[in-house]
Undergrad: 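Can you keep this structure in mind? I'll have questions shortly.
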Amino acid sequence: MEQNEFYVKFIIGDGIAESRIFATEGESLLDVARRADVAIDAPCSGNGSCGKCRVKLLSGDVKSEAGRHIDAEAYAAGERLACASLVTSNVSVLVPNIAPAHNYRMKITDLRGSREEAVFEAFGRRLSELGFTGDSGIELVSVDMPPPDADDPKADRERLLSALAAAGEDRVDVSLHALRALPKLLRDSGFSVRCVLRRPPAADGESGRSLLMDVFPGGGEEPVLAGLALDIGTTTISALIVNLVTGELLAEGSVGNSQIRYGADVINRIIESTRPGGLERLRTALLYESILRLTQTMCGECGVPHARVYRVSVAANTVMTHLFAGVFADNIRLEPYVPAFFELG
């Protein structure tokens with residue numbers, strides 16, 4: 001049987017933003033809001049148990065009833081649970097602005113003389129005493145080469161690889177990012193460049209190849225080569241940016257995990273991930289609303305362009321690693337509780 005479509009308008013906060021979308025008859029307001037990328041606080045992920053997804057019906061009607069979370073007085077005033085309200089007509093809905101509650105709760109630490117900086121430096125000294133070299137596998141290599149002419153029309157990539165081979169770097173692949181920058185940069189720099197090389201893992205031995213990740217003009221101040229360390233928690237994401245060459249702590253910060261609007265705990269997020277499009281919604285919220293915003297803000301704070309972050313290390317519990325990677329996680333909550341992986345790579 002053909003289902004009717006209705007127009008749903010979400011008004012966020014005190015009119016700070018609006019979103020309009022078509023909905024199918026019988027769809028819950030919570031599901032429609034998620035499709036419209038409208039944040040509604042739903043720690044139980046729409047199971048009807050928490051009562052947090054309150055919205056106010058401004059016009060139109062939905063199929064919904066008063067209950068233990070919405071009493072008769074609140075119901076008469078237009079309050080509804082988004083998860084328990086099914087679209088039956090064109091409606092306008094007022095949605096509380098929950099942004100400060102999670103995905104905009106960002107904190108950037110001032111490192112000047114901070115306790116965090118002292119702890120980080122003490123930890124680094126202890127690692128050195130234990131023989132840890134701190135080699136990130138990222139290295140800056142400078143090369144000069146003659147410009148092309150009629151007798152030497154070698155392509156830019158091959159010209160650079162020949163110069164690297166002459167410098168002892170004869171097993172190198174070139175990333176697409178570096179290749180795109182190469183033609184203009186070579187000519188602007190007089191064919192004198194510095195190359196960011198990622199060494200192969202030690203386990204690969206002589207069979208491995210280095211990757212040319214980026215190129216910079218030769219001479220002048222050396223570019224900062226940065227690394228990012230992430231600790232992805234269920235409610236909060238913490239991060240550090242470090243100088244991969246010197247080991248210096250450049251920035252520290254934290255932000256709320258935006259996945260919280262799909263469930264306050266990992267079980268409800270796993271349940272959300274099994275719904276159509278749920279796994280991608282969770283991954284997108286985590287990556288774009290939390291991690292990238294935090295990283296860009298921290299990079300701005302320490303003056304390092306985010307494109308110069310060449311290493312990323314991620315720590316998280318088993319469920320969060322699956323949701324970060326976009327991997328099916330439902331078996332983790334079902335006996336015998338088997339994950340898809342423990343390690344990536």
Side-chain angles (χ1 to χ4, degrees), residues 1-71 74-104 256-265 267-290 323 326 329-330:
M1 186 174 70
E2 185 176 346
Q3 290 180 299
N4 295 321
E5 279 196 332
F6 298 105
Y7 193 66
V8 178
K9 179 168 74 171
F10 294 103
I11 301 173
I12 294 92
D14 297 323
I16 61 172
E18 291 186 4
S19 183
R20 298 172 174 84
I21 190 172
F22 280 102
T24 303
E25 183 176 8
E27 244 188 311
S28 76
L29 285 177
L30 182 59
D31 287 339
V32 177
R34 287 173 172 174
R35 285 199 294 106
D37 200 25
V38 172
I40 295 180
D41 195 14
C44 72
S45 196
N47 295 323
S49 59
C50 71
K52 298 287 187 179
C53 62
R54 287 191 176 210
V55 297
K56 187 172 183 179
L57 194 62
L58 300 179
S59 67
D61 199 12
V62 294
K63 184 179 179 181
S64 181
E65 298 178 357
R68 68 186 179 96
H69 295 302
I70 304 288
D71 60 27
Y75 187 88
E79 291 194 23
R80 301 288 187 272
L81 286 187
C83 69
S85 300
L86 307 183
V87 175
T88 58
S89 70
N90 297 326
V91 293
S92 292
V93 179
L94 180 64
V95 178
N97 179 24
I98 67 165
H102 57 277
N103 57 321
Y104 287 98
N257 188 331
S258 292
Q259 290 179 338
I260 199 168
R261 72 171 182 264
Y262 298 106
D265 56 76
I267 297 300
N268 278 304
R269 291 186 205 176
I270 290 175
I271 293 171
E272 172 64 22
S273 74
T274 65
R275 295 169 176 160
L279 190 58
E280 183 59 21
R281 283 193 296 271
L282 288 162
R283 193 189 69 84
T284 298
L286 176 63
L287 182 60
Y288 293 101
E289 296 179 29
S290 295
L323 299 182
D330 198 37

Undergrad: Using the test side-chain hydrogen bond (donor to acceptor under 3.5 Å, both in side chains), find all partners of Ser92 that sit at least two apart in sequence or belong to another chain.
TA: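 Result, side-chain hydrogen bond (donor to acceptor under 3.5 Å, both in side chains) vs Ser92: Ser59.
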
Undergrad: Applying side chain to side chain contact (heavy atoms under 4.5 Å, CB included), can you list everything that pairs with Asp330, at least two apart in sequence or on another chain?
TA: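 Expected list: Ile270, Thr274, Phe328, Arg333, Leu334.
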
Undergrad: Quick check: closest heavy atoms across Pro276 and Arg281, and the distance to 0.1 Å?
TA: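 Scanning both residues, the minimum pair turns out to be O-NH1, 3.0 Å.
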
Undergrad: Got a sec, which residues hit ring-ring contact (aromatic ring centres under 6.0 Å, His included) with Tyr75, two or more places apart in sequence or on another chain?
TA: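 None.
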
Undergrad: Return the set of residues passing salt bridge (Lys or Arg N to Asp or Glu O under 4.0 Å) with Arg34 (not counting sequence neighbours), or none when no residue passes.
TA: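 By the salt bridge (Lys or Arg N to Asp or Glu O under 4.0 Å) rule, Arg34 matches Glu272.
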
Undergrad: For residues Ala82 and Val55, report the shortest heavy-atom separation together with the two atoms involved.
TA: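 Scanning both residues completely, I find the closest heavy atoms to be CB-CG1, 4.2 Å.
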
Undergrad: With sequence neighbours left out, write down each residue that passes side-chain hydrogen bond (donor to acceptor under 3.5 Å, both in side chains) with Ser85, or none if nothing qualifies.
TA: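 Residues passing side-chain hydrogen bond (donor to acceptor under 3.5 Å, both in side chains) with Ser85: Ser64.
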
Undergrad: Do Leu279 and Leu323 have side chains that get closer than 4.5 Å, going by heavy atoms?
TA: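 Yes - at least one pair of side-chain heavy atoms lies under 4.5 Å apart.
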
Undergrad: List the residues meeting side chain to side chain contact (heavy atoms under 4.5 Å, CB included) with Glu27, not counting sequence neighbours, and say none if there are none.
TA: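 Only Ala23, Thr24, Asp31, Val32, Arg35 meet the side chain to side chain contact (heavy atoms under 4.5 Å, CB included) criterion with Glu27.
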
Undergrad: Show me the pairs that pass salt bridge (Lys or Arg N to Asp or Glu O under 4.0 Å) and involve residues 81-93, at least two apart or across chains.
TA: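 Residue pairs passing salt bridge (Lys or Arg N to Asp or Glu O under 4.0 Å), neighbours aside: none found.
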
Undergrad: If you look at every heavy atom in Cys44 and Cys50, which pair is closest and at what distance?
TA: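 The pair with the smallest heavy-atom distance is SG-SG, 3.5 Å.
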
Undergrad: For Val93 and Leu58, what are the C-alpha separation, side-chain angles and deciding distance, and is it a side chain to side chain contact (heavy atoms under 4.5 Å, CB included)?
TA: CA-CA 5 Å; Val93 179; Leu58 300 179; over 6 Å; no

Undergrad: Among pairs that include at least one residue of residues 75-86, which meet salt bridge (Lys or Arg N to Asp or Glu O under 4.0 Å), considering only residues two or more places apart or in two chains?
TA: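 Listed once each, the pairs are Arg54-Glu79.
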
Undergrad: Taking side chain to side chain contact (heavy atoms under 4.5 Å, CB included) as the criterion, tell me which of Leu29, Asp41, Val95, Leu81 meets it with Cys53.
TA: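 That would be Leu81; it is the only one of Leu29, Asp41, Val95, Leu81 passing the side chain to side chain contact (heavy atoms under 4.5 Å, CB included) with Cys53.
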
Undergrad: What's the shortest heavy-atom distance between Ser19 and Val38, and which atoms?
TA: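 Heavy-atom minimum between the residues: CB-CG2, 3.6 Å.
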
Undergrad: With sequence neighbours excluded, give me every salt bridge (Lys or Arg N to Asp or Glu O under 4.0 Å) pair touching residues 83-96.
TA: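 Sorted pair list comes back empty.
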
Undergrad: Within the distance-only criterion (no hydrogens, no angle test), does the side chain of Ser290 pair as donor or acceptor with the backbone N or O of Gly256 below 3.5 angstrom?
TA: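 Flag set: sc Ser290 to bb Gly256 pair under 3.5 Å.
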
Undergrad: What are the two closest heavy atoms between Gly263 and Asn268, and how far apart are they?
TA: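 Closest pair (atom of Gly263, atom of Asn268, distance): CA-CB, 4.0 Å.
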
Undergrad: I'd like to check the side-chain hydrogen bond (donor to acceptor under 3.5 Å, both in side chains) partners of Thr88; sequence neighbours left out, ordered by chain and number.
TA: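 Counting only residues at least two positions away or on another chain, Thr88 forms no side-chain hydrogen bond (donor to acceptor under 3.5 Å, both in side chains).
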
Undergrad: Quick one: closest heavy-atom pair of Tyr262 and Ala285, and the distance?
TA: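 Heavy atoms only, the tightest pair is CE1-CB, 4.1 Å.
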
Undergrad: Examine distances only and state if a side-chain atom of Gln259 and a backbone atom of Leu286 form a donor-acceptor pair shorter than 3.5 Å.
TA: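 Flag not set: sc Gln259 to bb Leu286 has no pair under 3.5 Å.
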
Undergrad: Is the shortest side-chain heavy-atom distance between Glu25 and Leu86 below 4.5 Å?
TA: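 Contact flag for Glu25/Leu86 side chains = no.
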
Undergrad: Not counting sequence neighbours, list each pair that qualifies as a ring-ring contact (aromatic ring centres under 6.0 Å, His included) and has a residue in residues 10-46.
TA: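 Non-adjacent pairs meeting ring-ring contact (aromatic ring centres under 6.0 Å, His included): Tyr7-Phe22.
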
Undergrad: Output all residues satisfying side-chain hydrogen bond (donor to acceptor under 3.5 Å, both in side chains) with Asp61, sequence neighbours left out; order by chain, then residue number.
TA: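 None.
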
Undergrad: Can Ile260 and Arg269 be said to form a side chain to side chain contact (heavy atoms under 4.5 Å, CB included), step by step?
TA: CA-CA 8 Å; Ile260 199 168; Arg269 291 186 205 176; 3.9 Å; yes

